[in-house]
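See below for the structure under consideration.
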Amino acid sequence: MQPLQNAGYDRAITVFSPDGRLFQVEYAREAVKRGTTSLGVKSEEGIVLVVDKRTTSKLVETKSIEKIFQIDKHIGAATSGLVADARSLIERARLESQIYRITYNEPIRVEALAKKICDMKQMYTQNGGVRPFGSALIIGGIYDGKSRLFETDPSGALIEYKATAIGSGRNDAMAVFEEKYQDDLSLNDAIDLALDAVYEATEGKTTAESVEIAVIEKDTGKYKKLSQEEVSSHIDLLIEKKSDDENKDDD
């Protein structure tokens, strides 16, 4: 039961409680934590985005679940949290990207786009009649030959990462990144590391059908989603490696 002194500070509008908390923002973060895991990894050769698309029913068509999106030719995003909120933010990101391209005749910087989305999120924490977006985004891309990876929080906070995760498996995935991430990763190594983190976050329930992978290669500077066959090959290698590790432990 909510403490009496906090009653009313999460009703209708987002206002500070006496102890300086914004309860609606905290609730939005909880919505993100209930979502499935999404990850981003930066490597020397580009950006890797991976999402877990596990469903709660075998009747759901997995292909209909979208959690990874192309924003522009050189930028992609992975989401977690409320799906409807994420779609709204993705559409806004695409619009901002095209406005920038038409206005300045050049692609938008990854950081500039992330800041615009965070500005929008922050606006929804201080205006009456609206609520914070219950979705977090990992925005990654290539600009001027450099890989950039950002995480946007429901509060509007923006942090740049080398590797990050959002959703229910964040803690387990971040533990893998803390232990195994290296600055000189190749693109394939980054994919394998991200899948290793997904494997740990999902307690081994990782399949080719439940995972989606997208990359933005530094050489081409273009977003590309991996085919089902490419994903399957990476998953097979992951399962084989995990099986070998388990056999070594048994010995």
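- At a threshold of 4.0 Å, the pair E91-R87 does not count as salt-bridged, since none of the basic side-chain nitrogens sits closer than that to a carboxylate oxygen.
- With hydrogens and angles left out, the side-chain atoms of D19 and S17 include a donor and acceptor closer than 3.5 Å.
- Between S147 and K218, the shortest heavy-atom distance links the atoms OG-CE, 3.7 Å.
- Residues L82 and F133 fall into different hydrophobic clusters, defined by Ile, Leu, Val, Met, Phe, Trp and Tyr side chains chained together at heavy-atom separations under 4.5 Å.
- With hydrogens and angles disregarded, a donor-acceptor distance shorter than 3.5 Å links the side chain of T152 to the backbone of L137.
- One N or O on the side chain of R94 and one on the backbone of Q70 form a donor-acceptor pair closer than 3.5 Å.
- With hydrogens and angles disregarded, a donor-acceptor distance shorter than 3.5 Å links the side chain of D153 to the backbone of S155.
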Would I47 and V110 count as a side-chain contact (heavy atoms from CB on, under 4.5 Å) here? Give the steps.
CA-CA 12 Å; I47 295 291; V110 184; over 6 Å; no
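- Between the NZ atom of K115 and the CZ atom of R109 there is a distance of 7.0 Å, given to the nearest 0.5 Å.
- Once rounded to the nearest 0.5 Å, the distance linking NZ of K121 with CG of L89 reads 5.5 Å.
- Residues V198 and V215 share a hydrophobic cluster, clusters being chains of Ile/Leu/Val/Met/Phe/Trp/Tyr side chains in contact below 4.5 Å.
- Between the side chain of R170 and the main chain of A165, a donor-acceptor pair closer than 3.5 Å is present.
- Side-chain contact between I68 and Y223 is present, with heavy atoms from C-beta onward closer than 4.5 Å.
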Residues F177, L193; criterion side-chain contact (heavy atoms from CB on, under 4.5 Å); working and verdict:
CA-CA 8 Å; F177 289 150; L193 176 60; 3.9 Å; yes
Step by step, work out the side-chain contact (heavy atoms from CB on, under 4.5 Å) result for I108 and K116.
CA-CA 11 Å; I108 191 169; K116 285 180 179 293; 4.3 Å; yes
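- Using a distance-only test at 3.5 Å, with no hydrogens or angles considered, no donor-acceptor pair links the side chain of Q122 to the main chain of G156.
- A continuous path of Ile, Leu, Val, Met, Phe, Trp and Tyr side chains, each step under 4.5 Å between heavy atoms, connects I138 with V51, placing both in one hydrophobic cluster.
- Using a 4.5 Å heavy-atom cutoff, the side chains of I90 and E66 are not in contact.
- In this structure, the separation between OG on S232 and CD on Q228 is 5.0 Å, given to the nearest 0.5 Å.
- Here the closest heavy-atom approach between residue K242 and residue Y199 is recorded as CE-CD2, 3.6 Å.
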Determine, step by step, whether D144 and K146 satisfy the salt bridge (charged side-chain N to carboxylate O under 4.0 Å, His left out) criterion, reporting the C-alpha distance in whole Å, the side-chain angles of both residues, the deciding distance to 0.1 Å, and the verdict.
CA-CA 6 Å; D144 198 23; K146 295 181 180 179; 5.6 Å; no
Yes or no on side-chain contact (heavy atoms from CB on, under 4.5 Å) for L195 and V211, after CA distance, side-chain angles and deciding distance?
CA-CA 9 Å; L195 289 176; V211 171; 3.7 Å; yes
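- Side chains of H234 and N188 form a contact here, defined as non-hydrogen atoms less than 4.5 Å apart.
- The shortest side-chain heavy-atom distance between F150 and E111 falls under the 4.5 Å cut-off.
- Counting heavy atoms from C-beta outward, T36 and K53 have side chains that stay 4.5 Å or more apart.
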Going through the distances and angles, do K63 and E212 end up as a salt bridge (charged side-chain N to carboxylate O under 4.0 Å, His left out)?
CA-CA 10 Å; K63 292 181 180 180; E212 199 166 20; over 6 Å; no
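- Other residues, nucleotides and ligands place no more than 12 heavy atoms under 6.0 Å from the OH atom of Y124.
- Here the side chain of S97 pairs no donor or acceptor atom with the backbone of A93 at under 3.5 angstrom.
- When the options K224, K225, E230 are evaluated for a side chain to side chain donor-acceptor pair (under 3.5 Å) with S227, the one that passes is E230.
- T207 places none of its side-chain heavy atoms less than 4.5 Å from the side chain of I235.
- The distance from atom CG of D192 to atom OG of S186, rounded to the nearest 0.5 Å, is 7.5 Å.
- Around CG of D184, the count of heavy atoms belonging to other residues, nucleotides or ligands within 6.0 Å exceeds 12.
- In this structure, the side chain of D85 does not engage the main chain of S135 through any donor-acceptor pair within 3.5 Å.
- Annotation: the span from I75 atom CD1 to F69 atom CZ amounts to 15.5 Å, rounded to 0.5 Å.
- Between D72 and R101, some side-chain heavy-atom pair lies under the 4.5 Å cut-off.
- Side-chain atoms of Q24 do not come within 3.5 Å of backbone N or O of T125 as any donor-acceptor pair.
- Here OG1 of T206 is found 7.5 Å from CZ of R54. Values are rounded to the nearest 0.5 Å.
- Counting non-hydrogen atoms of other residues, nucleotides and ligands closer than 6.0 Å to CD of E203 gives a total of 12 or fewer.
- Transitive grouping of hydrophobic side chains (ILVMFWY, heavy atoms separated by less than 4.5 Å) brings M123 and L158 into a common cluster.
- Not one N or O on the side chain of T103 forms a donor-acceptor pair closer than 3.5 Å with the backbone of Y100.
- E30 has a carboxylate O that lies under 4.0 Å from a charged side-chain N of K33, or vice versa, which qualifies the two as a salt bridge.
- Counting heavy atoms from C-beta outward, S38 and K67 have side chains that approach closer than 4.5 Å.
- Both L39 and V231 are members of a single hydrophobic cluster when ILVMFWY side chains are connected at heavy-atom separations under 4.5 Å.
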